[in-house]
Amino acid sequence: MAVANINLPRILRVGGGASGELAQTLAELGLSGPLFITDPFLVQCGYLEALEQQLTEARLEYGVFADCVPDPTTDSVEAALHVLRAGNYDCLVALGGGSSLDTAKAVAVLAVNGGAMRDHKVPARPDSGLPVIAIPTTAGTGSEVTRVAVITDTQTQEKMLCMGLGLMPVAALVDYELTLSMPYRLTADTGIDSLCHAMEAFVSRKSNAFTDSIALTAMHSIYTNIRTACAEPDNRAAREAMMLAATQGGIAFANASVTLIHGMSRPIGAAFHVPHGLSNAMLLPEVTAWSVAESTARYARCAHAMGVCDAADPDSVASDKLVVALRQLTRDLGVPGPAEYGIDKSAWFGALEVMAQQALDSGSPANNPRIPDKDEIIALYERVW
Ligand code: NAD
């Protein structure tokens, strides 16, 4: 087996109350002038204030940019960069879902390397950036532990995949208590995003022994807790399990890669502004059904990890049961199809060529067990409709 190259943040604090250790984390890293990067909701619900209080008590000066938008754009990243450049900051503290975290990571790279964000998209490898301390509030994208950011180009509407060590947070404070406020739809969609990370990492052509064990653990936790976390938002055990699994899913995919689901999902988000987790959820059962025959042994192990097959099932039976279980899961969680979501049929079919090309250009489909050509991706989008 080839050597696995694993990248992780220098500091990971995981557990209820971890965000209460921000001041201590900054001190450990020798940082003293943070700019918070967050969004209006996280200000309104008091999460930012609790962090500000810690810094005030530690006599640290800080700034705040609170205008992150869902699915960050080159314009919103530029606005944050402007605030950074106007002050005297030595690091960024990202508070929020993947959108706030990716905004901070993009700003970190632009602050050090200059240029425009499109200069840093794949296949470029931005390897330096300002330190970012990531505090995720969804469970989730795993962005707190990945050297990845996804930024939409305002000019072309492309959801650009950017990858490089400069995008890796130096520290992540993974505090499930910040997810107790997530409503049903956000819990379901971000949870399925994490499930996709774990499953895609495990079946990826770039999977390795290190990411395999983490991916299987994450799949088990997500599959057994996601319904409870959605139905009982205050269930701390379910929230804790989902948060840990989201971070594990992030570690798994960032060190193995995502595959066809994410490759096809980004263009849907860019073209129709479907939240990222939801576009993954729309694709998960059909893309898995299309892929299983090429790697029944790996998909069967996913089925065993999630507990959706019998121990004695042959791989072909177990992998078929996986597809059935994923269809049931997305039904149970009320995942709408594109039409039900409100997307116009002619707009969907009119966009298929461009979406399929963007999916291929991201490189992710080439890591899938069954590698699609453009026509097969178009046919899959048609099937998902
Ligand atoms: P998000 O950050 O876009 O947030 C969605 C909404 O949820 C926002 O309105 C936000 O205010 C709200 N929210 C966040 N935390 C909340 C909480 N605790 N309670 C209630 N509301 C809350 O959502 P996301 O799914 O976490 O992030 C999606 C983005 O992350 C996409 O742009 C996607 O492409 C990107 N992504 C990045 C990576 C990576 O490795 N960098 C991986 C997967 C996805």
Side-chain angles (χ1 to χ4, degrees), residues 7 9 19 37-48 66-74 76-77 94-106 108-109 121-122 132 134-152 158-164 166-169 172 174-198 200-201 229 233-234 239 242-243 246-247 249-258 261-263 265-270 273-281 362 364:
N7 302 122
S19 61
I37 303 282
T38 189
D39 76 24
F41 173 79
L42 295 157
V43 175
Q44 186 200 318
C45 69
Y47 289 167
L48 177 67
D67 291 326
C68 289
V69 295
D71 295 328
T73 62
T74 43
S76 64
V77 167
L95 171 72
S99 296
S100 296
L101 271 49
D102 284 7
T103 301
K105 291 158 73 167
V109 160
K121 73 173 180 179
V122 165
V132 173
I135 308 179
T137 62
T138 60
T141 66
S143 178
E144 67 276 9
V145 288
T146 72
R147 60 186 197 293
V148 176
V150 184
I151 306 295
T152 300
E158 181 194 358
K159 256 190 131 177
M160 300 183 295
L161 180 64
C162 308
M163 266 167 60
L167 294 160
M168 173 65 82
V174 182
D175 184 348
Y176 76 88
E177 291 177 355
L178 302 179
T179 67
L180 291 165
S181 53
M182 281 205 293
Y184 186 102
R185 191 72 265 146
L186 188 64
T187 305
D189 295 344
T190 53
I192 290 188
D193 188 23
S194 308
L195 181 63
C196 291
H197 290 157
E200 290 179 75
D234 293 331
R239 291 293 198 187
M242 291 295 292
M243 190 59 154
T247 296
I251 292 172
F253 95 77
N255 292 289
S257 86
V258 281
I261 297 172
H262 268 74
S265 173
R266 286 184 290 263
I268 298 178
H273 303 289
V274 179
H276 175 71
L278 188 55
S279 53
N280 285 335
S362 74
S364 305

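Residue indices begin at 1 and follow the sequence shown. Every number for a ligand or one of its atoms is a count from 1 in the order of the listing.
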Here the atoms of ligand 1 under 4.0 Å from any heavy atom belonging to T138 are 14 (C), 15 (N), 26 (O)
Does ligand 1 have an atom that lies less than 4.0 angstrom from a heavy atom of K159? yes
Report the member of L178, T179, L95, T73 with the shortest heavy-atom distance to atom 18 (N) of ligand 1. L178
One residue to check: F253. Relative to ligand 1, which of side chain, backbone, both or neither has a non-hydrogen atom less than 4.0 Å away? side chain
Close approach, H262 and ligand 1, non-hydrogen under 4.0 angstrom: no
Between N255 and N7, is there a side-chain heavy-atom distance shorter than 4.5 Å? yes
N/O donor-acceptor pair under 3.5 Å between S100 side chain and C68 backbone: no
Under 4.0 angstrom from atom 4 (O) of ligand 1, is there any protein heavy atom? no
Do T38 and Y47 meet the criterion of a side-chain donor-acceptor pair at a distance under 3.5 Å? no
Show the atoms of ligand 1 that are less than 4.0 angstrom away from any heavy atom in V150. 34 (O)
Side-chain contact, heavy-atom cut-off 4.5 Å: T74 with M160? yes
Starting from atom 25 (O) of ligand 1, locate the nearest protein heavy atom and write down its residue, its atom name and how far away it is, to 0.1 Å. T190 CG2, 3.4 Å
Between K105 (side chain) and V148 (backbone), is there a donor-acceptor pair under 3.5 Å? yes
By number and element, which atoms of ligand 1 are closer than 4.0 Å to a non-hydrogen atom of S181? 17 (C), 18 (N), 19 (N), 20 (C)
Tell me: protein heavy atom nearest atom 7 (O) of ligand 1, and distance? L186 CD2, 3.3 Å
Numbered atoms and elements of ligand 1 in range of P72, under 4.0 angstrom, heavy atoms: 32 (O)
To check your reading of the model: name the closest protein heavy atom to atom 1 (P) of ligand 1, its residue, and the distance in Å. S99 OG, 3.4 Å
Give the residue and atom name of whichever protein heavy atom lies nearest to atom 9 (O) of ligand 1, and the separation in Å to one decimal. D39 OD2, 4.3 Å
Scanning both residues in full, the closest heavy-atom pair of I135 with L101 reads O-CD1, 4.0 Å
Return the residue, atom name and 0.1 Å-rounded distance of the protein heavy atom closest to atom 32 (O) of ligand 1. D71 OD1, 2.8 Å
For ligand 1, which atoms, with element, lie under 4.0 Å from some heavy atom of T146? 39 (C), 40 (O), 41 (N)
Within ligand 1, which atoms have a heavy atom of M182 less than 4.0 Å away? 17 (C), 18 (N), 19 (N), 20 (C)
Kindly say whether D193 contributes a backbone atom to a donor-acceptor pair with the side chain of N280 at under 3.5 angstrom? no
Looking at atom 21 (N) of ligand 1, what's its closest protein heavy atom, distance included? F41 CE2, 3.2 Å
I want to check something: taking the side chain as every heavy atom from C-beta on, are L42 and L48 in contact at a cut-off of under 4.5 Å? no
closest protein heavy atom to atom 27 (O) of ligand 1 is G98 N, 3.1 Å
Just which atoms of ligand 1 are under 4.0 Å from any heavy atom in D193? 43 (C), 44 (C)
With a 4.5 Å limit on heavy-atom distance, are the side chains of I251 and E144 in contact? no
Nearest non-hydrogen protein atom to atom 35 (C) of ligand 1, with distance, is D102 OD2, 3.6 Å
Validation row: P233, T187 side chains within 4.5 angstrom (heavy atoms): no
Quick one: which of T137, L161, V69 has a heavy atom closest to atom 15 (N) of ligand 1? T137
Look only at interatomic distance and state if V148 has a nitrogen or oxygen under 3.5 Å from any nitrogen or oxygen of ligand 1. yes
Heavy-atom side-chain contact between P9 and M168 under 4.5 Å: yes
Test item: H262 and H197 side chains (from C-beta on) under 4.5 Å apart, heavy atoms: yes
Side-chain contact, heavy-atom cut-off 4.5 Å: L278 with R185? yes
Which of the numbered atoms in ligand 1 are under 4.0 angstrom from any heavy atom belonging to H276? 31 (C), 33 (C), 34 (O), 43 (C), 44 (C)
Verify the distance criterion only: is there a donor paired with an acceptor across the side chains of T152 and D71 at less than 3.5 Å? no
